[in-house]
2 protein chains.
Amino acid sequence: MKLNVDIIAENLLAIHPLLYKSISKPIKNKSSITPGSMFVMGILKRNGMLSMSEIGNCLSMPKPHVTVIVDRLIEEAYVVRQNDPSDRRVVNILLTEKGLVEFEELKEALSINLKSKLNLLSEEEQEELSKASQKMKEILISILSKEKNKEF
Amino acid sequence: MKLNVDIIAENLLAIHPLLYKSISKPIKNKSSITPGSMFVMGILKRNGMLSMSEIGNCLSMPKPHVTVIVDRLIEEAYVVRQNDPSDRRVVNILLTEKGLVEFEELKEALSINLKSKLNLLSEEEQEELSKASQKMKEILISILSKEKNKEF
DNA sequence: TATAATGGTTACAAAAGTATAACTATTACA
DNA sequence: TGTAATAGTTATACTTTTGTAACCATTATA
């Protein structure tokens, strides 16, 4: 009998390119936001505030790249830097109101793009997809994204 | 009440970077295969044989990029080109035995990487993740990946 | 206090992916 | 038959991402 871990690995491997296609592509058409910037905005929205290092760890992104992305997001006023009073080396990043709005618009663009495809599904199937994606998100976040920790 | 499509959009947006991290990174450490090459091998494994255009459509990948990736895969003998007798313009791509073995090894590397993280979950949660990812894969493939068709 | 470690930035090189145009060969069709 | 459309390749320029090393400021520690 096949182990759960192997089934999961196989499924993730199949899902990954589908998400890549259904998320990155529609968003590229809608906005000048790059995938990396979108990821950063997403975790900031979920976590409220993260240091540069935490962002890099969350996304397995090299620190110099985080700097570049955050610089661009600051230019657009989507995020702000904030010095950490308890450790003056640390720079915390926060999503601004404008950044939040932009992120919601990206999500909306994705929704619209998805809608036409979800029409191919029955009500029950849509409900199943909603539940399955919710469950997957919760579990993956719980095991993969020790977002406040450093050791991954 | 929140619409299913919005819930799904939000969940996909959260899952995407987690997969990116848990798949692309472990594989980069294990092999010189790039994400793009891995995607191509994956759909070839699921579909058996695809033309260059079909590969590009499946993955929303520009055709010139497909050519580059397939060229590299052929160098490594992971795939072969095969002329289509019914339309001599068409070049079909097939995964070789060596390519299949390589892909299975990538999946194995991912399994090993996942195993340590799944240990944090109970048996029931692992079962839930297995079921949820299976469901998500099936539904997303059915609506996003009309792999043999051209109109996306 | 001297030294090591950490957080972050800068600079640079290289790989991966995207986009477009030009081109060949083949097929479809008016 | 002649023209348009399609499949694929090649070439090129560009953006995004990755990786590494050097560097500064700050904090931790021996």
Side-chain angles (χ1 to χ4, degrees), chain A residues 16-17 20-21 23-41 49-76 79-93 148-151, chain B residues 16-17 20-21 23-41 49-76 79-93 148-151:
Chain A
H16 187 197
Y20 189 79
K21 173 181 178 171
I23 293 181
S24 294
K25 299 303 167 108
I27 281 171
K28 190 166 353 175
N29 295 337
K30 189 73 186 176
S31 149
S32 65
I33 293 283
T34 65
S37 299
M38 185 186 62
F39 290 170
V40 169
M41 290 172 82
M49 182 173 88
L50 292 171
S51 72
M52 299 294 284
S53 293
E54 286 167 338
I55 291 172
N57 288 328
C58 285
L59 302 174
S60 297
M61 200 180 262
K63 277 203 277 190
H65 193 205
V66 177
T67 299
V68 170
I69 286 180
V70 167
D71 281 350
R72 275 201 307 249
L73 289 174
I74 285 175
E75 269 179 40
E76 306 269 11
V79 303
V80 286
R81 267 184 243 263
Q82 206 168 75
N83 291 325
D84 189 322
S86 71
D87 182 342
R88 286 169 31 191
R89 291 170 301 180
V90 174
V91 178
N92 289 311
I93 310 299
K148 295 288 187 183
N149 285 357
K150 286 163 205 160
E151 5 70 54
Chain B
H16 188 195
Y20 190 80
K21 174 181 177 173
I23 293 181
S24 294
K25 298 305 167 110
I27 281 172
K28 192 167 349 182
N29 295 337
K30 189 71 183 181
S31 149
S32 66
I33 293 285
T34 65
S37 300
M38 186 185 62
F39 290 170
V40 170
M41 291 172 81
M49 182 171 91
L50 292 171
S51 72
M52 299 294 286
S53 293
E54 287 167 337
I55 292 172
N57 288 328
C58 285
L59 302 174
S60 296
M61 200 179 263
K63 277 204 279 189
H65 194 204
V66 177
T67 298
V68 170
I69 287 179
V70 167
D71 280 351
R72 275 203 306 252
L73 290 174
I74 285 175
E75 269 179 40
E76 305 269 11
V79 303
V80 287
R81 267 184 244 264
Q82 207 168 77
N83 291 323
D84 189 323
S86 72
D87 184 340
R88 284 169 34 190
R89 290 170 301 181
V90 175
V91 178
N92 290 311
I93 310 298
K148 295 289 188 181
N149 286 359
K150 288 163 203 158
E151 4 67 57

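Since the model is a prediction, treat every value here as computed from it, not as a measurement. The chains referred to below are lettered A, B, ... by the order of the sequence lines, with proteins before strands, and numbering in each begins at 1.
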Looking only at side-chain N and O atoms, does Ser51(A) come under 4.0 Å of OP1 or OP2 in dG7(C)? no
Arg72(B) side chain: which of dG17(C), dT9(C), dA19(C) is closest? dG17(C)
I need the Ile74(B) CD1 to Arg72(B) CZ distance, nearest 0.5 Å. 12.0 Å
Please report the distance, rounded to the nearest Å, between CE in Met52(A) and C1' in dT9(C). 8 Å
For the side chain of Val90(B), starting at C-beta, report the closest nucleotide among dA21(C), dA7(D), dA16(C). dA7(D)
Reading 5' to 3' through nucleotides 24-30 of chain D, protein heavy-atom contacts under 4.0 Å coded B for base, S for sugar-phosphate only, - for none: -BBS---
Is the closest side-chain heavy-atom distance between Asp84(B) and Ser51(B) below 4.5 Å? no
In whole angstroms, how far is the P atom of dG7(C) from the CD atom of Glu54(A)? 9 Å
Worked check of side-chain contact (heavy atoms from CB on, under 4.5 Å) between Glu76(B) and Ile33(B): CA-CA 10 Å; Glu76(B) 305 269 11; Ile33(B) 293 285; over 6 Å; no
Taking only the side-chain nitrogens and oxygens of Tyr20(B), find out if one of them lies under 4.0 Å from OP1 or OP2 of dT18(D). yes
Can you confirm whether Ile93(A) sits close enough to Met52(A) that some side-chain heavy atom of one is under 4.5 Å from a side-chain heavy atom of the other? yes
Report the nucleotide, chosen from dG8(C), dT17(D), dG17(C), that has the shortest atom-to-atom distance to any side-chain atom of His65(B). dG17(C)
Is there a side-chain contact between Arg81(B) and Asp71(B) (heavy atoms, below 4.5 Å)? yes
Atom NZ of Lys21(B) and atom P of dT18(D) are separated, to the nearest Å, by 13 Å
For atom CG of Leu59(A) and atom P of dT16(D), their distance in whole Å: 17 Å
Is the shortest side-chain heavy-atom distance between Val66(B) and Val40(B) below 4.5 Å? no
Side chain of Pro64(A) only, please: which of dT18(D), dA21(C), dT20(D) is the nearest? dT20(D)
Side chains of His16(B) and Ser24(A), heavy atoms from C-beta outward: is any pair under 4.5 Å? yes
Reported OG1-to-CZ distance for the pair Thr34(A) and Phe39(A), which is rounded to 0.5 angstrom: 9.0 Å
Starting from P on dA16(C), measure out to CG on Leu73(B) and report it in whole angstrom. 12 Å
Beyond-backbone contact of Ile69(A) with Met61(A), side-chain heavy atoms, under 4.5 angstrom: yes
Strictly below 4.0 Å, heavy-atom distances to any atom of DNA chain C: list the hits from residues 27-36 of chain B, or just say none. Thr34(B), Pro35(B), Gly36(B)
Atom pair distance, as rounded to whole Å: NZ in Lys63(A) and P in dA21(D): 15 Å
Whole-Å distance between dG8(D) P and Asn92(B) CG? 8 Å
Does a side-chain N or O of Arg81(A) approach OP1 or OP2 of dT9(C) to a distance below 4.0 Å, or not? yes
With a 3.5 Å distance limit and no angle check, can you tell me whether Lys21(A) reaches the backbone of Cys58(B) through a side-chain donor-acceptor pair? yes
Which whole-number value in Å describes the distance from Ile55(B) CD1 to dT9(D) C1'? 14 Å
dG8(C) phosphate, OP1 or OP2: any side-chain N/O from Thr67(A) under 4.0 angstrom? no
So what does Phe39(A) hit on the nucleic acid, given a heavy-atom distance under 4.0 Å: a base, only sugar-phosphate, or nothing? nothing
